[in-house]
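Report on the following structure.
Values below: all heavy atoms of this structure, side chains included; hydrogens, waters and symmetry mates excluded. So that the names make sense, note that chain A is the first sequence line, chain B the second, and so on, each numbered from 1.
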Amino acid sequence: MGLLALLAALNLKVGSVRQADEAIVWRLRAPRMLAAAILGGGLSLSGFLLQTFFANPIAGPFVLGISSGAKLAVSLTMIFLLSRGLVSTSAAMIGAAFLGAMLSMGFILLISRRVRRMSLLVVCGVMIGYICSAITDFVLTFAEDSNIVNLHNWSMGSFSGIYWDSVGVIALVTGAALVLAFLLSKPIGAYQLGEVYARSMGVDIRLFRVELILLSSLLSACVTAFAGPVSFVGIAVPHLMKRLFGTAKPLLMIPACFLGGGAFCLFCDLVARVVFAPREMSISSVTALLGAPVVITMLAGRRRERD
Amino acid sequence: MIRTENLSVGYGKTPLIEDICLRLRPGQVVTLIGPNGSGKSTILKTVIGQLAPIRGMVFLDGRAMGALSPLEIAQKLAVLMTGRVRPELMTCWDVAAMGRCPYTRRLGILSAGDREKVWEALSLVHGEELAPLPFTEISDGQRQRVMLARALCQEPEVIVLDEPTTFLDIRYKLELLAVLKEMAQERKLAVLLSLHELELAEKISDCVVCVHNGKIERIGPPEEIFTADYIKKLFDIQTDDSELFVFRGGKHLRCGRTTGTCAALAAQGAARLLLTGQIPASAALTTPKGTRIEAPLEGCRLEDGSAFCSVRKDGGDDIDDTHGLLITAQVERWDAPGVSIEGGAGVGRVTKPGLDQSVGAAAINRVPRRMIEQEVLSVADELGYEGGFQVTIHVPGGEEAAKKTFNPQMGIEGGISILGTSGIVEPMSAQALIDTIALEIRQRAAQGHKKIILTPGNYGLDFLRAQGMDRWGVPVVKCSNFIGDALDACAAEQIQGVLLVGHMGKLVKLAGGVMNTHSRSADCRTELFCAHAALRGAGREVCQALADCSTSDACIAVLDRAGLRETVLDSLLSAIQDHLDRRVSGTIHVGAVVFSNQYGLLGRTRRAGELIDRWK
């Protein structure tokens with residue numbers, strides 16, 4: 001897995017350098033590459049945690065509307081700060097995204113108490129996502145022109161425009177979340193047998209649920225704050241990793257999802273940047289193009305299994 | 001281990017069941033029974049802390065559950081609840097290993113000791129071969145066993161199970177409960193479970209808790225709880241004519257009444273009609289087995305000083321050829337005291353010797369005769385009548401029905417037999433019976449027994465008692481007609497010595513290699529007598545006489561007259577020994593003792609002699 005990440009990294013660095021000088025590589029591409037790898041990992045890990053939490057393989061930060069919630073909060077904050085002539089800091093962005101993510105998560109949790117069917121929960125998540133996107137668009141309509149370009153780019157999802165100072169923050173937050181999630185391996189494993197059994201095997205369910213929600217929200221908030229909403233990574237990568245290793249053991253899956261997510265996003269970012277160069281595609285388009293088929297085959301496969 | 005005090009449980013604020021005071025001691029198996037929706041699961045969920053109690057407390061090992069950390073609870077209490085678990089991509093071994101969670105460190109990595117415990121738990125549920133299989137791709141029954149192994153991995157002191165037998169077929173039900181019982185006894189595990197199979201609850205429980213009408217209605221040992229009256233009340237079974245049920249193979253089968261019971265019920269009704277002149281609506285009696293049976297009376301009338309009443313034969317869910325016939329009793333006054341019983345139209349007549357009744361008598365067996373006598377006399381007693389009765393039993397259509405039965409071969413002509421020793425027909429599927437037998441043998445083996453006495457039925461038990469063989473300390477297992485299956489089970493459990501004690505009429509079939517001795521499966525008794533008599537020099541006449549016999553007792557009588565009993569029996573016994581040895585392929589010492597009700601001990605095979613000398 002480490003090998004794969006390395007390969008993708010090299011691929012990225014070398015693939016499109018052409019005649020450009022080292023400064024561009026160092027100042028623009030290296031941080032962008034690192035950010036893509038780390039955020040991709042964080043996104044995929046967040047998906048894995050949410051899937052465990054809802055015992056549903058198609059749960060993910062994007063599908064459940066958590067990314068969109070974060071996006072809304074970030075847009076509002078950005079517009080608010082820019083209109084005051086202030087430059088938004090990484091911390092403020094992450095804070096806002098986290099708040100937005102938690103709000104969406106709160107909604108989802110409220111709904112999940114009422115509906116038992118997981119497909120309904122996902123539909124509700126998608127609805128929340130649309131509502132948040134609509135509000136974001138609405139807000140953008142009234143934003144000042146100079147901000148729009150910037151905001152619009154961001155709200156489509158992109159790893160461009162991330163510099164070294166942001167990478168530090170990203171690495172810190174995501175790294176901390178990764179370590180914390182890894183330490184939760186045991187209760188996550190027990191939780192895969194269901195809440196009742198997890199409790200009976202000594203897991204403090206209430207504490208564990210709070211930890212899981214905070215971690216997954218923090219991860220998707222961090223991604224959204226810097227790269228905007230990125231779709232399908234959270235679902236497709238954990239699924240691919242489970243198939244690849246033939247297990248769902250969290251002790252293995254947590255690092256695997258992280259690394260796999262990193263590699264996946266590196267590859268997607270490469271595609272986004274290179275295929276139609278010099279024009280760039282939004283990262284979300286590429287991840288959707290590559291991730292959605294995986295999700296569809298997964299769902300079809302599950303249906304077959306059940307019949 | 002577990003104690004509840006004035007516990008009230010339910011969802012939300014309204015209590016579903018109040019005032020629950022349970023006590024569970026180490027080594028005890030306590031079973032909750034009750035109709036669906038009575039709240040068994042709710043109680044269990046509260047006991048394990050999944051639901052908060054509305055009032056009252058649950059104590060685990062003397063400490064309030066609320067004050068214990070989840071980890072402390074997990075090291076003492078394991079659960080197996082309903083609801084399917086569908087973990088992704090986990091092997092059975094992974095699932096079972098989850099049970100070690102309360103003992104592993106932060107990351108849940110298993111030590112060598114942990115692994116050993118997982119294997120041990122899997123072997124306890126006979127699930128080692130399941131270990132590498134994906135959990136989602138095995139059967140429900142296997143899943144349940146793996147989940148139990150997981151619970152055992154937790155090394156609990158208490159295990160709580162909610163309807164653990166739901167998805168299992170009968171064999172695994174018995175096996176699962178046997179494992180639990182064994183764990184309870186050997187590891188002093190306290191087991192609290194709910195079951196909907198009453199016969200299993202009766203078998204496994206030390207204490208039964210009946211949940212009904214929002215309260216614990218009764219608590220007590222199974223023998224106090226499992227009375228037909230109470231079970232009917234508990235499950236609100238509505239019955240016009242007290243219907244009985246047995247639970248076999250996970251099914252709720254209706255018991256029927258034997259022809260003997262019908263005749264006795266009809267006679268009771270007719271006697272009452274005769275003495276009071278009033279038509280009784282129904283008749284009721286207590287069968288020899290102790291169950292109360294009530295049946296509606298039909299066709300009651302008085303004619304020329306005779307009273308007639310009829311009861312319909314009902315085989316329950318065990319439909320046989322006599323099902324639906326009317327059994328009619330005609331009762332007249334008799335000058336002399338006492339009861340004379342005769343067979344009328346449709347009741348067979350004995351034409352060959354060796355049956356329950358002598359030649360020429362009506363085919364009404366001893367037990368039904370006694371029942372009829374008892375019923376009419378009790379009516380006489382009650383009404384102060386001091387004379388005697390003449391009772392005649394008729395079965396309209398009996399002659400036709402009898403042609404489909406074994407009566408013609410038995411030498412009973414002109415109608416069906418009135419028979420039945422227990423008074424009720426208990427339906428039972430063959431596989432369930434075989435499973436039960438195998439389980440009993442396994443349990444004996446598990447208790448460390450290396451010797452077993454097998455006997456087909458009650459005659460054999462009586463004989464063992466009469467011979468004092470029941471006091472040898474060797475466990476006796478009833479094997480019904482499934483002698484081959486019982487021997488297989490003994491061989492599988494590595495029993496060293498098996499003594500088969502049975503009636504000549506059954507065991508003689510073994511001389512022909514017939515290992516299922518039910519008469520529907522095969523009947524070659526007279527043929528075998530014939531063949532072996534011919535081998536030992538019997539003439540054509542003797543052979544013909546043997547071929548005409550209807551029972552093995554009658555065959556013995558023929559051989560006696562020809563002076564051939566010893567030598568023919570020797571020949572048969574050595575053939576029996578050969579076939580027994582072949583069945584077990586020499587893995588166990590097995591011998592047979594053969595008797596008959598008329599002649600007593602008839603002989604024993606070579607190995608049987610050795611075994612008896614050693615076991616005495």
*asked:* Looking at every heavy atom in both Thr104(B) and Lys186(A), which two are closest together, and how far apart are they?
replied: O-NZ, 2.9 Å

*Under a 4.5 Å heavy-atom cutoff, which of Gln192(A), Glu195(A), Lys242(A) has the most pairs with chain B?*
Lys242(A)

*Leu77(B), part contacting chain A, at a heavy-atom distance under 4.5 Å*: backbone

*Can you pull out the residues in residues 199-208 of chain A with any heavy atom less than 4.5 Å from chain B?*
Arg199(A), Ser200(A), Met201(A), Gly202(A), Val203(A), Asp204(A)

*State whether the side chain of Tyr197(A) and the backbone N or O of Ala151(B) hold a donor-acceptor pair below 3.5 Å, judged by distance alone.*
no

*So what's closer than 4.5 Å to chain A heavy atoms on Gln50(B): side chain, backbone, both or neither?*
both

*asked:* Counting heavy-atom pairs closer than 4.5 Å to chain A, which one of Pro156(B), Pro87(B), Ser69(B), Pro70(B) comes out on top?
replied: Pro70(B)

*So how far is it from Leu193(A) CG to Met90(B) CE, rounded to the nearest 0.5 Å?*
5.0 Å

_Taking side chain as everything from C-beta outward and backbone as N, CA, C, O, which of these in Arg100(B) sits under 4.5 Å from a heavy atom of chain A? Side chain, backbone, both or neither._
neither

*asked:* Please output the residues of residues 172-184 of chain A in contact with chain B, using a heavy-atom cutoff of under 4.5 Å, in numerical order.
replied: Phe182(A), Leu183(A), Leu184(A)

_Residue Leu80(B) versus chain A: region with a heavy atom under 4.5 Å_ = both

